[in-house]
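What follows is a set of notes on a single structure, which appears directly below.
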Amino acid sequence: MEGGWTEALRPRQPEAAKPRSETTRARANLIPATASTTEPAAVPLLNIANILTVARILIVPLFLLALFAGTGHDTGWRVLAAALFGLAAITDRIDGQLARKYGLVTDFGKLADPIADKALIGAALIGLSALGDVAWWITVVIIVRELGITLLRLAVVRRGVIPAGRGGKLKTLVQSLAIAVLLLPLSGAFATAGLWLMYLAVALTVVTGLDYVVQAARLWSGPATRR
């Protein structure tokens, strides 16, 4: 009895005296295995961002039909063409925001989105030049720059990715505004403002294009990215 009471009253050794490795392994066994083995769900191809991108591509032929309807300068058709262009330009901004906000970025979207943008801008510029509203040299400069930068990005893709900067986004915005104004059946100071916006768009197109060339040269002179 005395030995039992003495043993019961004796202070126990703290668990910290156990080997540290055993305590660590015991705690590790309490962690659910699913916490480290859960994989993120795949992004579905058919999502709202990709649907808007495809819709923008489908709007392009409808836009051209409205632009060339009648004589090409009918007030009603030109307003409709400007409305279709504005709708397509708005979806360009919305689908990108949705893809980034809700994690809907897909390989299809990365490929289709710039194609849709270039198809819309290129179709509008060629159509306006064919109708005599925009000089052909402006259309050639912008289209050659867009195609050249796309090929340049593909050429240096093994060494890195050239991100879209603020200058490129500003260039796209000014291009879209200039085209929208020139599509509308305006005259006088409004038509002149549209032309000056287009000249500004051309200047931004050239400046940002040179910036991309500089970035591509830096990537090309650096080490290739391993895949």
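Below, each value reflects all heavy atoms present in this structure, side chains not excepted, and no hydrogens, waters or symmetry copies. Please read these numbers as outputs of a predicted model, since none were measured by experiment.
- Phe68 and Leu84 fall within the same hydrophobic cluster, where Ile, Leu, Val, Met, Phe, Trp and Tyr residues are linked whenever their side-chain heavy atoms come under 4.5 Å apart, directly or through other members.
- With values rounded to the nearest 0.5 angstrom, Leu184 atom CG is found 10.5 Å from Thr75 atom OG1.
- Scanning all heavy atoms of the two residues, the minimum distance from Ala82 to Ala180 falls at CB-O, 4.4 Å.
- Hydrophobic clustering (ILVMFWY, side-chain heavy atoms < 4.5 Å, transitive): Leu182 and Leu80 are in one cluster.
- Within the structure, every pair that satisfies the side-chain hydrogen bond (donor to acceptor under 3.5 Å, both in side chains) test and touches residues 173-183, not counting sequence neighbours, is listed here: Gln175-Thr205.
- Taking CG of Leu183 as the start and CG of Leu128 as the end, the distance is 5.0 Å to the nearest 0.5 Å.
- We find the NZ-CD1 distance between Lys118 and Ile149 to be 9.0 Å, quoted to the nearest 0.5 Å.
- Arg145 contributes no side-chain N or O that, together with a main-chain N or O of Val206, makes up a donor-acceptor pair within less than 3.5 Å.
- In this structure, Asp133 pairs ionically with Arg78, as a charged nitrogen and a carboxylate oxygen lie closer than 4.0 Å.
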* Check the pair Trp77, Leu67 against side-chain contact (heavy atoms from CB on, under 4.5 Å), reporting the backbone distance first and the verdict last. => CA-CA 6 Å; Trp77 287 112; Leu67 180 60; over 6 Å; no

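- Note that OG1 of Thr208 is 9.0 Å distant from CG of Leu170, once rounded to the nearest 0.5 Å.
- Using a 4.5 Å heavy-atom threshold, the side chains of Val207 and Leu210 count as separate.
- Cluster membership for Val174 and Leu125, using ILVMFWY side-chain heavy atoms within less than 4.5 angstrom, is not shared.
- Between Tyr199 and Trp137, the ring planes are parallel. Angles under 30° get that label, and only those over 60° would be called perpendicular.
- Tracing side-chain contacts under 4.5 Å through hydrophobic residues (I, L, V, M, F, W, Y), one reaches Ile90 starting from Ile48; they form part of the same cluster.
- Taking both residues in full, the closest heavy atoms of Arg56 and Asp113 are given as NH2-OD1, 2.7 Å, listed atom of the first, atom of the second, then distance.
- Linking Ile, Leu, Val, Met, Phe, Trp and Tyr residues whenever their side-chain heavy atoms come within less than 4.5 Å places Ile179 and Leu131 in a single cluster.
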* To do: Under the side-chain contact (heavy atoms from CB on, under 4.5 Å) rule, what do Trp220 and Leu152 come out as? Steps first, then yes or no, please.
  => CA-CA 11 Å; Trp220 190 261; Leu152 189 62; over 6 Å; no

* To do: Carefully, step by step, assess Thr53 and Asn50 under the rule side chain to side chain donor-acceptor pair (under 3.5 Å).
  => CA-CA 5 Å; Thr53 300; Asn50 287 345; 4.9 Å; no

Side-chain donor-acceptor pairs of residues 185-198 under 3.5 Å, sequence neighbours excluded:
| unit_1 | atom_1 | unit_2 | atom_2 | d |
| --- | --- | --- | --- | --- |
| Thr192 | OG1 | Gly188 | O | 3.1 |

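- For the atom pair OH (Tyr212) and OG1 (Thr150), the distance works out to 9.5 Å, reported to the nearest 0.5 Å.
- With no hydrogens or angles considered, a side-chain donor-acceptor pair links Thr71 and Asp74 at under 3.5 Å.
- The two residues Val60 and Ala123 have their closest heavy-atom pair at CG1-CB, 3.8 Å.
- For the pair Ser129 (side chain) and Val134 (backbone), a donor-acceptor distance under 3.5 Å is present.
- Minimum interatomic distance between Ala88 and Leu120 (heavy atoms only, all atoms of both residues): CB-CD2, 3.6 Å.
- Ile126 shares a hydrophobic cluster with Trp136, Ile143, Leu147; the chain of contacts runs through ILVMFWY side chains whose heavy atoms sit under 4.5 Å apart.
- Side-chain atoms of Asn47 come within 3.5 Å of backbone atoms of Ala49 as a donor-acceptor pair (strictly under, hydrogens ignored).
- Here the CG atom belonging to Leu87 is positioned 10.5 Å from the CG atom belonging to Leu62, to the nearest 0.5 angstrom.
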